[in-house]
Participant: 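Handing you this structure, nothing more for now.
FYI, side chains are in, hydrogens and waters are out, and symmetry mates aren't considered; it's all heavy atoms of this structure. Start at 1 and go down the list; that is how both ligands and their atoms are numbered. Index from 1, following the sequence.
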Amino acid sequence: MKTIDSVQSEKRLFPPSERFVSQSLLDAEGLRALREEASADPDGFWLKQSQLLHWQTPPTEGLDQSQHPFVTWFKDGELNLTESCLDRHLSTARRNKAALIWEGEPGDQRVLTYFELHREVCRAAAALLRLGIKTGDRVVIYMPMIPELVIAVLACARIGATHSVIFGGFSSEAIRDRISDAGATAVLTADGGYRRGKVVPLKHNVDEALKHCPEVRHVIVVSRTGQDISMHPGRDHFWADLVRAEHGLCDAVAVPSEHPLFILYTSGTTGKPKGVVHSTGGYATHVAFTTKYVFDLRDEDTYFCTADVGWITGHSYIVYGPLIHGATVVMYEGAPDAPHKGRFWEIIDKWGVTIFYTAPTAIRAFMRWGDSHPRSHRLSSLRLLGTVGEPINPAAWLWYHEHIGHGRCPIVDTWWQTETGGIMVSPLPGATVTKPGSCTQPLPGIAVETVHKDGSRCGRSEGGYLVVTRPWPGQLRTVWGDPERYRKTYFGDIQIDGRPVYFTGDGARFDEDGYLWVMGRVDDVLNVAGHRIGTAEVESALVGHPHVAEAAVVGRPDDLKGQAIVAFVTLRSGHSQTPETASLLKEHVVHDIGAIARPDEIRFTEALPKTRSGKIMRRLLREIATTGKAVGDVTTLEDMAVLQRLSSANSDEE
Ligand code: WT7
């Protein structure tokens with residue numbers, strides 16, 4: 001029996017232009033050589049990449065997997081990561097190069113050079129030390145996307161405190177649970193933050209959370225909005241008051257390579273927060289390597305990643321990766337449509353951005369908003385585009401390629417996870433011929449395979465479980481406070497030759513050319529008349545229709561077929577939610593992938609339920625399709641009003 005059937009067939013090929021290849025770090029020949037080197041001696045390969053960092057004691061050992069699945073990398077090395085991100089640039093021409101170009105939502109801006117960023121990080125780190133915060137302590141950071149967020153992260157790293165950034169959209173309950181789980185003793189926050197012109201009450205949320213967290217001794221507050229807040233005497237301090245007293249020198253504390261740099265909470269299947277723990281040296285080596293080659297990063301680049309530092313993408317590819325390479329990073333505080341729907345394009349135009357990294361959900365929103373927004377800004381500085389977060393449907397890929405990249409920029413579709421720390425599967429822009437919708441091939445040094453439940457390998461084009469068969473440097477080291485949960489969640493499902501391997505939770509297939517196509521989370525896979533079909537493929541077919549802006553597909557129990565396919569569809573403006581449109585879309589799916597994938601029901605809706613990081617919550621849709629309402633946990637939902645609207649969604653079923 002097949003594990004997952006594939007129904008998608010995207011055939012177009014996009015080689016990088018000769019011009020791009022001639023200037024890139026790695027061409028096809030270079031990539032072949034790098035792959036050979038990595039597969040001949042993965043340990044030696046990664047040990048060599050660790051030299052991208054500055055070590056106080058360089059490592060001599062690579063991987064130690066004697067306690068597998070608990071592994072270490074470079075365990076005899078010692079470093080302080082902020083020296084790689086800051087200090088070492090100060091003795092070069094990067095000293096007064098812009099490290100951070102920041103744009104606030106209301107239109108204010110700040111530019112910090114490497115020299116200035118270093119000074120600010122040292123002052124904040126010295127202030128933390130003065131409060132008694134030390135190496136090994138956990139510090140929670142709950143801030144808007146302002147420069148102090150980056151400074152706070154690096155200040156923790158400077159003194160060896162383990163940071164845990166909580167995305168600014170989370171509620172006080174979420175903050176409370178994470179602080180308690182991490183055992184954090186300090187919280188760095190702001191009075192408030194701006195989001196679509198409104199003010200988010202960050203300090204207030206922290207106050208609510210701390211009613212239940214007596215272990216927190218210090219709260220440091222950045223003034224961003226100037227709104228009224230209450231300050232708890234003895235516990236709360238203003239950031240400005242603390243750093244004013246420091247003069248900008250603070251030794252970088254060397255920590256062992258395996259020291260936990262940060263904890264990042266991610267959603268699990270239970271209500272208990274799951275703290276993904278990342279190391280210092282291994283994590284940073286992985287991130288340094290991938291930032292360099294996947295983004296083909298050069299000193300002249302101006303790099304803009306639209307993620308929030310509250311997510312792993314922001315940790316790895318706004319803060320650590322780009323700064324390790326001395327890049328200029330553009331950081332934007334607000335929403336893509338505030339105050340207008342061309343905000344990203346305006347920023348690219350204004351600062352001459354050369355590399356742009358965003359998510360498919362954002363790209364589909366740009367498509368819905370129309371071509372006129374990118375068209376009214378100059379995007380000619382762009383040379384490379386990237387995406388991350390979910391499978392990108394070919395229609396969105398092609399729109400991105402044409403309307404943002406003007407047919408000139410390679411697109412790197414990067415597959416990875418909070419748990420992998422850095423990019424695992426991706427094109428290398430000067431070397432890989434891309435196919436819209438495929439994240440192409442595993443990076444050198446990364447061993448990714450598709451297998452059946454019993455661990456036997458899938459054939460070419462056969463869908464299966466996506467696993468990583470060899471430890472990699474950026475791998476999560478454990479779940480904070482719960483090593484057994486780490487083992488069970490990631491290594492409890494699949495074994496190859498009796499040895500547990502890391503299971504990603506994704507379904508995927510390699511095509512005839514060895515290109516990887518991610519088909520979605522296996523928990524979401526549809527089972528229709530004995531065929532297991534990935535949600536991503538049916539959704540991609542729907543979104544390929546010109547009337548459709550977004551689609552999410554789920555299974556509803558069906559006596560006859562096992563599952564019936566229910567599609568929740570958002571139309572582009574100007575198209576009406578009629579039974580005719582529904583039939584049209586069903587026929588479109590049949591035409592595109594075959595009768596087996598024909599949706600039984602189309603439900604039109606104005607919006608889909610998403611997590612705060614933009615992932616569609618298919619579980620909720622499954623509940624709505626099955627019982628008429630969402631019954632499970634909805635705490636990670638971004639916009640509660642969407643649920644209301646969904647239950648009354650317009651169905652084509654009588
Ligand atoms: C899951 C991980 C990695 C940073 C943001 C998300 C999906 C991610 C892709 C891609 C297809 C992708 C997978 C993965 N995903 N990137 N390029 N193509 N699917 O991190 O929240 O930990 O989610 O996102 O399903 O397992 P995350």
Participant: Suppose we measure from atom 6 (C) of ligand 1 to each protein heavy atom; which comes out shortest, and what is that distance?
Facilitator: K615 NZ, 3.6 Å
Participant: Quick test of your reading of the model: are R383 and D301 salt-bridged, counting only N-O distances below 4.0 Å?
Facilitator: yes
Participant: Please examine the side chains of F14 and L398, heavy atoms only from C-beta on, and report whether any two atoms are closer than 4.5 Å.
Facilitator: yes
Participant: What protein heavy atom is closest to atom 13 (C) of ligand 1, reported as residue, atom name and distance in Å?
Facilitator: D506 OD2, 3.0 Å
Participant: Kindly indicate, with the supporting measurements, whether the criterion side chain to side chain contact (heavy atoms under 4.5 Å, CB included) is fulfilled by L608 and F568.
Facilitator: CA-CA 8 Å; L608 293 168; F568 291 81; 3.7 Å; yes
Participant: Heavy-atom contacts with T414 under 4.0 Å: which atoms of ligand 1 show up? List them by number with element.
Facilitator: 9 (C), 10 (C), 16 (N), 17 (N)
Participant: Name the closest protein heavy atom to atom 27 (P) of ligand 1, giving the residue it belongs to and the distance to 0.1 Å.
Facilitator: T418 OG1, 3.5 Å
Participant: Pull out every atom of ligand 1 sitting under 4.0 Å from any heavy atom of D413, numbered as shown with elements.
Facilitator: 10 (C), 17 (N), 18 (N)
Participant: Should R477 and E258 count as an ion pair when the cut-off is N to O under 4.0 Å?
Facilitator: yes
Participant: For atom 2 (C) of ligand 1, what is the nearest protein heavy atom, given as residue, atom name and distance?
Facilitator: W416 O, 3.6 Å
Participant: Do F510 and S461 touch side chain to side chain, with heavy atoms closer than 4.5 Å?
Facilitator: no
Participant: Quick one: nearest non-hydrogen protein atom to atom 7 (C) of ligand 1, plus distance?
Facilitator: G389 O, 3.2 Å
Participant: Quick one: look up the protein heavy atom nearest atom 11 (C) of ligand 1 and list residue, atom name and how far away it is.
Facilitator: P391 N, 3.1 Å
Participant: Are E550 and R364 close enough for a salt bridge, meaning some N to O gap below 4.0 Å?
Facilitator: yes
Participant: Specify the protein heavy atom at minimum distance from atom 10 (C) of ligand 1: its residue, its atom name, and the distance to 0.1 Å.
Facilitator: E390 O, 3.5 Å
Participant: Could you find the nearest protein heavy atom to atom 4 (C) of ligand 1 and give me its residue, atom name and distance?
Facilitator: T313 OG1, 3.2 Å
Participant: For I312, counting its heavy atoms only, list the atoms of ligand 1 lying under 4.0 Å from any of them.
Facilitator: 4 (C)
Participant: Do T504 and ligand 1 have an N or O pair less than 3.5 Å apart?
Facilitator: no
Participant: Report yes if some heavy atom in the side chain of T420 is under 4.5 Å from a heavy atom in the side chain of Q475; otherwise report no.
Facilitator: no
Participant: State which residue, out of F356, W416, Y303, F304, fulfils the ring pair (Phe, Tyr, Trp, His ring centres under 6.0 Å) condition with Y317.
Facilitator: W416
Participant: Please work out, at 4.0 Å between heavy atoms, whether the side chain, the backbone, both, or neither of T266 comes within that distance of ligand 1.
Facilitator: neither
Participant: Whether the D506 and T504 side chains hold a donor-acceptor pair (N or O, under 3.5 Å, no angle test) is what I'd like checked.
Facilitator: no
